[in-house]
Student: 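Pasting in a structure now, in structure tokens, and then I'll have a few things to ask.
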Amino acid sequence: MALKTLSTFLTPLSLPNHKFLQHHTKPRFILCEFSRPSKSRFPAAVPEGTGAAAPSPGEKFLERQQSIEAAKLILKDNKKSRKKENKPLKASNAVASCYGCGAPLQTSDTDAPGFVDPEAYELKKKHHQLKTVLCRRCRLLSHGKMITAVGGHGGYSGGNQFITAEELRQKLSHLRHAKALIVKLVDIVDFNGSFLSRVRDLAGANPIIMVVTKVDLLPRDTDLNCIGDWVVEAITRKKLNVLSVHLTSSKSLVGITGVISEIQKEKKGRDVYILGSANVGKSAFINALLKTMAYNDTVAAAAQRYKPIQSAVPGTTLGPIQIDAFLGGGKLYDTPGVHLHHRQTAVVHSEDLSSLAPKSRLRGLSFPSSQVVSDNTEKGASTVDGLNGFSIFWGGLVRIDVLKVLPETCLTFYGPKRLPVHMVPTEKADEFYQKELGVLLTPPSGREKAENWRGLDSERKLQIKFEDAERPVCDIAISGLGWLTVEPVSRSHKFSQQKSIDTAGELLLAVHIPKPVEIFVRPPLPVGKAGAEWYQYRELTDKEEEVRPKWYF
């Protein structure tokens with residue numbers, strides 16, 4: 001019999017029995033045992049990320065975050081069980097999350113996010129339908145209940161602190177190193193307070209599409225051409241490079257189609273992350289996005305059935321929520337809002353959060369009022385001494401002492417209608433505040449909350465130069481609330497005098513707010529019909545025209 005070659009010898013078919021292998025081979029030929037497919041316990045190794053259904057970076061991140069959250073819940077319950085003999089925490093083996101808020105599902109703590117009735121949980125788990133489960137907190141939020149799950153900074157949390165703002169921010173840390181398309185949302189009513197000036201710390205070098213939300217809340221007859229140019233100017237001053245700027249309304253779906261076109265153009269197979277500060281309207285924007293896409297996209301139409309919950313509570317979304325919204329590659333992710341300690345939402349009670357969110361079109365409220373101006377004019381007087389010696393309260397959240405202004409100065413407030421504005425002489429301001437806090441000056445609402453209110457313990461003095469009688473001098477924006485415009489009386493009330501008025505001078509204001517809240521002095525936002533009359537477009541150089549982002553509406 002001819003001697004067989006090595007390749008033939010290693011073929012299982014060439015070995016008629018096991019004894020032949022034992023008696024006629026050297027130990028090194030025992031490698032032939034691994035070539036038998038029927039004996040192998042593991043499939044052949046395939047390099048990670050090369051399979052036909054390889055997970056995307058976003059899916060890997062989602063699985064990792066869900067595993068971490070599930071482990072935290074189990075560890076937390078184990079610590080409790082050492083002190084008390086409680087039932088063990090029941091977390092999903094599949095690390096399923098609530099589709100409304102992204103919190104890991106659990107069946108032990110009824111007050112914590114992600115709680116599901118044990119019977120309902122087991123039934124959904126049995127039928128592999130955990131992805132269709134909405135937790136108890138989200139159900140309450142959908143019915144208008146104000147349930148916070150994130151602790152505030154330096155103020156009242158409004159509820160049990162199940163998660164901190166730092167932990168939510170850590171869930172976005174991977175974006176800096178991932179290849180993704182970032183859609184950054186900014187609230188036009190709270191432009192400075194919701195801007196996320198250090199967004200590059202989260203987004204890294206990824207391309208950014210800027211979406212300005214809630215433009216439907218701007219005063220009637222506002223020229224959006226002026227608003228678009230104002231926003232781009234603000235972005236240029238902040239030295240933030242973005243692909244484009246879009247003015248949108250999630251309620252009326254204005255501008256949503258343009259955002260979809262831009263996403264499809266720039267996505268290029270990458271995951272899309274909706275990023276923004278807490279309560280800026282991310283979930284509402286995603287719902288509007290899916291509703292618009294559903295007309296031509298069956299995938300987006302199916303995703304509408306299980307869409308994120310939207311509410312007035314900052315921190316509604318507690319974990320990344322993956323949404324299958326695109327026919328091509330890439331997923332859409334709703335992310336936890338970035339909580340900023342300098343907003344009013346960080347200091348008010350949870351029951352008062354809804355009063356900070358405008359629900360209808362803004363209308364400017366001016367002081368002194370047009371009635372005072374007209375009465376004094378008929379008498380042949382000026383506006384007496386204007387606002388000098390007066391204090392203006394914006395609810396119980398802001399107090400503005402007028403130290404020195406010109407008689408022709410007017411302050412116009414733009415903010416939620418549920419926040420009353422009252423003007424009293426400064427000498428009686430302290431007494432008025434103590435007496436009416438929680439009654440006329442709300443929020444805080446009610447005497448009980450007023451007793452625990454920290455008060456207006458921070459003061460900032462503003463020195464403003466007034467030079468042009470034809471246009472407002474500036475806006476004073478209160479983070480998380482709204483803004484007030486400093487302008488001439490003749491401009492705010494459409495009132496013309498026979499004699500030219502001299503508005504050149506210096507204004508001194510003292511603004512009192514809760515300590516963590518910030519104040520921004522900015523160029524005036526051109527709102528209303530009058531805004532288009534005084535707003536001036538800046539002449540751009542060819543280089544600026546090339547680099548400057550385009551805005552769309």
Student: Are Thr426 and Asp401 close enough that a side-chain donor and a side-chain acceptor fall under 3.5 Å?
Tutor: no

Student: Could you tell me if the side chain of Val183 sits less than 4.5 Å from the side chain of Leu275, heavy atoms only?
Tutor: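 Contact flag for Leu275/Val183 side chains = no.
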
Student: For the residue pair Phe367 and Phe413, categorise the inter-ring angle as parallel (less than 30°), tilted (30 to 60°) or perpendicular (more than 60°).
Tutor: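 Ring orientation, 0 to 90° scale: perpendicular.
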
Student: Can you confirm whether Leu419 sits close enough to Leu356 that some side-chain heavy atom of one is under 4.5 Å from a side-chain heavy atom of the other?
Tutor: yes

Student: Any idea which heavy atoms bring Ala510 and Leu403 closest together, and the distance?
Tutor: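 Looking at all heavy atoms of both residues, the closest pair is CB-CD1, 4.1 Å.
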
Student: Kindly compute the distance separating CG (Asp334) from CD1 (Ile274), expressed to the nearest 0.5 Å.
Tutor: 7.5 Å

Student: For side-chain contact (heavy atoms from CB on, under 4.5 Å), just list the numbers for Ile400 and Phe390, CA-CA rounded to whole Å, side-chain angles, deciding distance to a tenth of an Å, and then say yes or no.
Tutor: CA-CA 8 Å; Ile400 302 171; Phe390 283 91; over 6 Å; no

Student: Considering only heavy atoms from C-beta outward, does the side chain of Pro516 approach that of Val347 to under 4.5 Å?
Tutor: yes

Student: Heavy-atom distance under 4.5 Å between the side chains of Thr412 and Leu484, does that happen here?
Tutor: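 No, their side chains stay 4.5 Å or more apart.
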
Student: How long is the gap from CG on Leu509 to CD on Gln463, to the nearest 0.5 Å?
Tutor: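 Answer for the CG-CD pair, Leu509 versus Gln463, is 10.5 Å.
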
Student: Determine whether more than 12 heavy atoms belonging to other residues, nucleotides or ligands lie under 6.0 Å from atom CZ of Arg198.
Tutor: no

Student: Would you list the pairs meeting ring-ring contact (aromatic ring centres under 6.0 Å, His included) in which at least one residue belongs to residues 211-231, sequence neighbours left out?
Tutor: Phe191-Trp230

Student: Would you kindly say whether Glu351 and Ser445 are connected by a side-chain donor-acceptor distance under 3.5 Å?
Tutor: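 Judged by distance alone, the side chains do not pair up.
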
Student: Measure from the side-chain N and O atoms of Arg176 to the backbone N and O of Asn206, and report whether any donor-acceptor pair falls under 3.5 Å.
Tutor: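 No.
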
Student: How long is the straight-line distance from OG of Ser250 back to CD1 of Ile286, given to the nearest 0.5 Å?
Tutor: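 Between Ile286 CD1 and Ser250 OG, I get 9.5 Å after rounding to 0.5 Å.
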
Student: So Ser283 and Thr317, side-chain contact (heavy atoms from CB on, under 4.5 Å) or not? Walk me through it.
Tutor: CA-CA 8 Å; Ser283 297; Thr317 303; 3.5 Å; yes

Student: Would a 4.5 Å heavy-atom cut-off, applied to side chains only, mark Trp453 and Pro443 as touching?
Tutor: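 Not touching, per the 4.5 Å side-chain cut-off.
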
Student: Just by distance, do the side chain of Lys515 and the backbone of Gly455 share a donor-acceptor pair under 3.5 Å?
Tutor: no

Student: Taking only residues two or more places apart in sequence, or in another chain, which ones meet Lys417 in a side chain to side chain donor-acceptor pair (under 3.5 Å)?
Tutor: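 Ser360.
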
Student: Sequence neighbours left out, cut at 3.5 Å: what donor-acceptor pairs do the side chains of residues 234-244 make with other protein atoms?
Tutor:
unit_1: Thr236; atom_1: OG1; unit_2: Val232; atom_2: O; d: 2.8
unit_1: Ser244; atom_1: OG; unit_2: His246; atom_2: NE2; d: 3.0
unit_1: Ser244; atom_1: OG; unit_2: Glu262; atom_2: OE2; d: 3.1

Student: Measure the SG-CZ distance between Cys474 and Phe466 for me, rounded to the nearest 0.5 Å.
Tutor: 8.5 Å

Student: Can you confirm whether Val517 sits close enough to Val398 that some side-chain heavy atom of one is under 4.5 Å from a side-chain heavy atom of the other?
Tutor: no

Student: Is the positively charged end of Lys184 above the ring of Phe195, judged by distance under 6.0 angstrom from the centroid and angle within 45° of the axis?
Tutor: yes

Student: Considering all heavy atoms of both residues, which atom of Ser354 and which atom of Lys359 are nearest to each other, and what is their separation?
Tutor: O-NZ, 2.9 Å

Student: Write down the atom of Thr213, the atom of Val280, and the distance for their closest heavy-atom approach.
Tutor: OG1-O, 3.4 Å

Student: Go through the steps for Val473 and Asp468 under the test side-chain contact (heavy atoms from CB on, under 4.5 Å), then give the verdict.
Tutor: CA-CA 7 Å; Val473 60; Asp468 189 355; over 6 Å; no

Student: Holding to salt bridge (charged side-chain N to carboxylate O under 4.0 Å, His left out), I want the full list of residues that pass it with Asp190, two or more places apart in sequence or in another chain.
Tutor: Arg343

Student: Any luck finding a side-chain donor-acceptor pair between Ser194 and Asp187 under 3.5 Å?
Tutor: no

Student: Counting heavy atoms not belonging to Arg361, are there more than 12 under 6.0 Å from its CZ?
Tutor: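 Yes, enclosed.
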
Student: Distance from Tyr414 atom OH to Leu481 atom CG, nearest 0.5 Å?
Tutor: 14.5 Å

Student: Taking salt bridge (charged side-chain N to carboxylate O under 4.0 Å, His left out) as the definition, give me every residue that meets it alongside Arg538, ordered by chain and number, with sequence neighbours left out.
Tutor: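 Glu233, Glu544.
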
Student: For the residue pair Asp229 / Tyr535, report whether a side-chain donor-acceptor contact shorter than 3.5 Å exists.
Tutor: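 Their side chains do contain a donor-acceptor pair, which is all the 3.5 Å distance test asks for.
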
Student: Quick one, Leu411 and Val405 - any side-chain contact, counting heavy atoms below 4.5 Å?
Tutor: no

Student: Which heavy atom in Pro488 sits nearest to a heavy atom in Arg471, and how many Å separate them?
Tutor: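 Result for this residue pair: CD-O, 3.8 Å.
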
Student: Working to the nearest 0.5 Å, report the span between CZ of Arg363 and CG of Leu365.
Tutor: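 The CZ atom of Arg363 sits 9.5 Å away from the CG atom of Leu365.
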
Student: After noting the C-alpha distance and the side-chain angles of Asp475 and Arg522, does the key distance pass the salt bridge (charged side-chain N to carboxylate O under 4.0 Å, His left out) rule?
Tutor: CA-CA 5 Å; Asp475 284 347; Arg522 69 188 189 191; 3.3 Å; yes

Student: Begin with the C-alpha distance, continue with both residues' side-chain angles, and end with the deciding distance and a verdict on side-chain contact (heavy atoms from CB on, under 4.5 Å) for Leu289 and Leu332.
Tutor: CA-CA 10 Å; Leu289 211 66; Leu332 179 66; 4.2 Å; yes

Student: Could you pull out all residues at least two apart from Ala429 that satisfy side chain to side chain contact (heavy atoms under 4.5 Å, CB included)?
Tutor: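 Counting only residues at least two positions away or on another chain, Ala429 forms a side chain to side chain contact (heavy atoms under 4.5 Å, CB included) with Ser391, Phe393, Arg399, Val424.
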
Student: Heavy atoms, side chains only, cut-off 4.5 Å: are Leu217 and Ile188 in contact?
Tutor: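 Sidechains of Ile188 and Leu217: no contact.
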
Student: Ile321 and Pro308: which non-hydrogen atoms are nearest, and at how many Å?
Tutor: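 Heavy atoms only, the tightest pair is CD1-CB, 4.2 Å.
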
Student: Could you report the tightest heavy-atom contact between Asp223 and Asn225, atom names first, then the distance?
Tutor: OD1-N, 2.9 Å

